[in-house]
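Below is one structure, written out as structure tokens; comments come after it.
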Amino acid sequence: MVRRFFSFPRHARSLTCATGLLLTLFLVLALLPLRASAAELLVSLSSDRSSPQSLETAPLQDQVYIFVADANAVDQVRFYLDGTLVKTENRVPWDFAGTTPDDLAYAYDTRNLVDGNYQVSAELYQGGSVVQTLQGLMQVANQPPPEPGGEAGQLHTGWQGNPSGSLAVMWFSPLAGTPATVSYRRAGESAWAQASGTVSHSTADGQYLLVNLEGLLADTRYEFRAALAPDVWSRVYESYTAPAPGPADFDAIFVADTGLVGRLDGLATGTEQVILEIAQRNPRLVLLGGDYAYFNTDKRYVTLERSIAAWFDQMSAIASRSPMMPTYGNHEVLLGEGFDTWVNYFVTPEGWNGRRMYSFDAGEAHFVSIFGLNEYEQLPQEALDWLSADLAAARGRGQRWLVPYLHAAPFSEGTNHSSALPLRDQLGPIFEAAGVQVVLTAHDQSYERTYPLVNVPATNTPTSDNRHCYGPEDGVSWLKVAPGGKLSNISLDFSPWRTSEPPAWTVFRNNTLHHFAHLSVTATGTLDVDVFGVEGDGSVPLQIDGVRYSFNGCAPEVVAQPRQVTLLAEPGEAVSESLSVTGGDGAALAFDISQVPGWLSLSQVSGVTPASIELVADASSLAVGEYRGILQITAGEDSATWVPVVLRVGASSYGLWVSNSPERTGAVPLEGAILQGEQYIFTSPDTDVSQVRFYMDDPTGTGVVTKTENVPPFDLAGTAADDTAYPYDTGTLADGGHELGARLTVSGGLEVLVSAGFMVTNDVPQLDATPGSVLFELTPPESLAQQNVLVQMTDGSNPNYSARSTAAWLGVEPLAGVLPETLVLTADASALSPGQYQADVVIEAGTGEQLRVPVSLVYDQPSLYTLAVSLAADRSNPVPLDGSSLSGEVYIFVPDIDGMKRVAFYLDDPDRLGSPIKVENRAPWDFAGTVTKPPRDAYGFSLAGLAGQHVITAVITDADGDEIVHGVFDVSP
Ligand SMILES: [Fe+2]
């Protein structure tokens, strides 16, 4: 128990009780026994570490100075916060946040942490080994006590019971003793009623309170307040109950793949705006499509629970007004998160298998949340039976609109996550039998919509040629609406298409915007799903597509040709293209065109079909680059179509580039480059390019093709299987000037010709580095690594040189001298959070020549996977293989973790230059193979004939790609 006889001021800025504090300090110091000179974890309010206290003495606010005292005999101290290395100090004084050049402590700002308790530990090293570990519980308490009318933390609502008669409210309180109580009333009434609930679950930082309001009226607005402390109510929130069964107007928004705002890797380019746009539309329901916090690639909040809290914080603008009903994605269930954790945070009906699937009604709509995580897995038969019965029961109750939603996309042509074929096989027949209209999915970072399909998966036959409106007899429209703010960690972008031409089942697709879908049903028998695209830069969202199912028949469709317009203009030029707008079956339809981008003018923006419209793109004030828009053509309320328009200004939006690295890093324009030796020459960007043909010394691209590339990236000398470039040997060209031409086939059948002139000077001495680029891979607790780079002149001459690094984490030595020289590059990740980093070592020779060596650092999380060894075929009592000493017959394996797809094992081949000696395609994952018959024991591996040290390497394939683990062991006779 911590004795709280000492307290720092709540805010260092307001020192009104400074006198009292000094008195207290004096008393405390007088009462403290003289400290023995044992090492301790202390905290001070001054950078000079004066008046230190034990870290555990009192709650901390604002900036503090944490350090280890009386540890003079040690030579290194490593500081950890909740087990994560935050600082390595190599000389006294030992400061948690580092030491200034004049030996003062740097401040640690506790406001970067959520209020709560944190474990601080310090490992004291002597001669490379830990001699002592100090630990202390740090209490962070920056928040003032709650005030009446304040916000309830992470407040969100959902439906546990009947959506038309209840509303469940969940919120977070950091204060123990906050009652689970909500007061509520119908909007417009004056008296408050009160309802009590329970603590849903607790975390290190506080508790989540849950109150289910019951006995409410259908389709009615309620006001409610949550308890922030005993007798302290939050501000007034409001939300609606769902309409009762039967015809009613109702709307919902579907969003998925959001990520957390402000990701350090920059991938959350749309999250903030997507949330704002949804909040502005204030729907009556939010359907969540999975993949929320991405804890495996965003560790800013240290723990999963705090990452989830940050996600509910950012969603509060939506979640406090619209019930949020989730489905779970691969990220919530696999990848270091967990269904059991996430499910506590959401309020849903019971459904199947601990709320993995559930369903609910609103008016005539029936929503069902399906546990479809990724493109590999199937649902168990029990889940399918539950789903079939659920849909049949909904139909039986007279629910007209059946809307299943799940994370993985059974129809997806994106390359980040292709079609979830096992789920397509399972769900297609069930949805068709039940008469489902639209399915909402996500996971792959792009938008795609199919025609209404029947006979899925056998023939995927469309029931209509219409692009917008369908009737009750039509098939199932499969929509993939993603991402909702976060770009992919696979492509670092939206998902590139597998093929430049969409498959036959596609009505519309887009992979250049973030997306959300607005679903609305009317009492008069229509269901519309309008899809919006968000750039993320604050520009107005565009409606990019829409699908309607109607019980009242479909109006003739408005049809635009071509389906997509691509315009190419040189800077300063105006170009045009015509667009025909017709009515289906020759109908004369009055139409309007909206969402016309500023750089485009139309000969008419309204009229009657048929019409031929001139689109003129004026590039006179546009920079070189690519401009995109989507025209919305509507014919009254009943018909609409959407036409993407792409304007490329300047063929130079595509160009030829050269790099001295197979990763193409540090590339410069090929135009004007002076080249020697092996070079990596390629075209960029790859956007919308399906083929590149290169023509050496043929800038018009009319002669013999030097090289054809059909898949990005597009490299003059070809591309290796791992997407690195093969080198082009400039030695095959004579010294002097050359020109390279390249023809790029871009989407829409257009061809772009680019060319560049460059110089080859192989006989002139050059500054050269070997290797030409460096990759560091570090996994905590490892934070330091070194590699050598030989720098020399190609003619062996000996000029002076100087070297520098462009990043603080990258050191280079010696900084100056005479060539040739072996430079030692040191990567120090101790001050970095996990992620990928890029920097250069810049070398300048006395000859005036400069050379950049690109350096990449991948600072990883420790792997989830391990190699284990057991002495029994049933793998009992396993120990880590790494560091073990073995003999005789052993059973080596990788313990199974959900989501593993394949394991390849290598013996004494850590770089995997040869073939694996064993590949296991299903669990259990045994190095020597698995007995086929139950209980599926492991085959033994005999160590006879082996002696000394050996290494087994396992490459584990999961949804995120390959993970490599090694186990080094000794064989004793
Ligand atoms: Fe996903």
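Computed from heavy atoms alone, side chains included, the values below leave out hydrogens, waters and symmetry copies. Just follow the structure's listing: the first ligand is 1, and inside any ligand the first atom is 1. In this chain, numbering begins with 1 at the start of the sequence shown.
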Can you name the N/O/S atom of Asp291 that is nearest the Fe ion (ligand 1)?
-> OD2

Strictly under 2.8 Å, is any N, O or S atom of Asn374 next to the Fe ion (ligand 1)?
-> no

Look at Asp82 together with Arg306 and state whether they make a salt bridge at an N to O cut-off of under 4.0 Å.
-> yes

How is the N/O/S atom of His443 that comes nearest to the Fe ion (ligand 1) named?
-> ND1

Residues Glu920, Lys901: salt bridge by 4.0 Å N-O rule = no

How about His407: does one of its N, O or S atoms come closer than 2.8 Å to the Fe ion (ligand 1)?
-> yes

Under 30°, 30 to 60°, or over 60°: which ring-plane class applies to Phe346 and Phe312, parallel, tilted or perpendicular?
-> tilted

Just checking, is any N or O donor in the side chain of Trp311 or Thr258 under 3.5 Å from an acceptor N or O on the other one?
-> yes

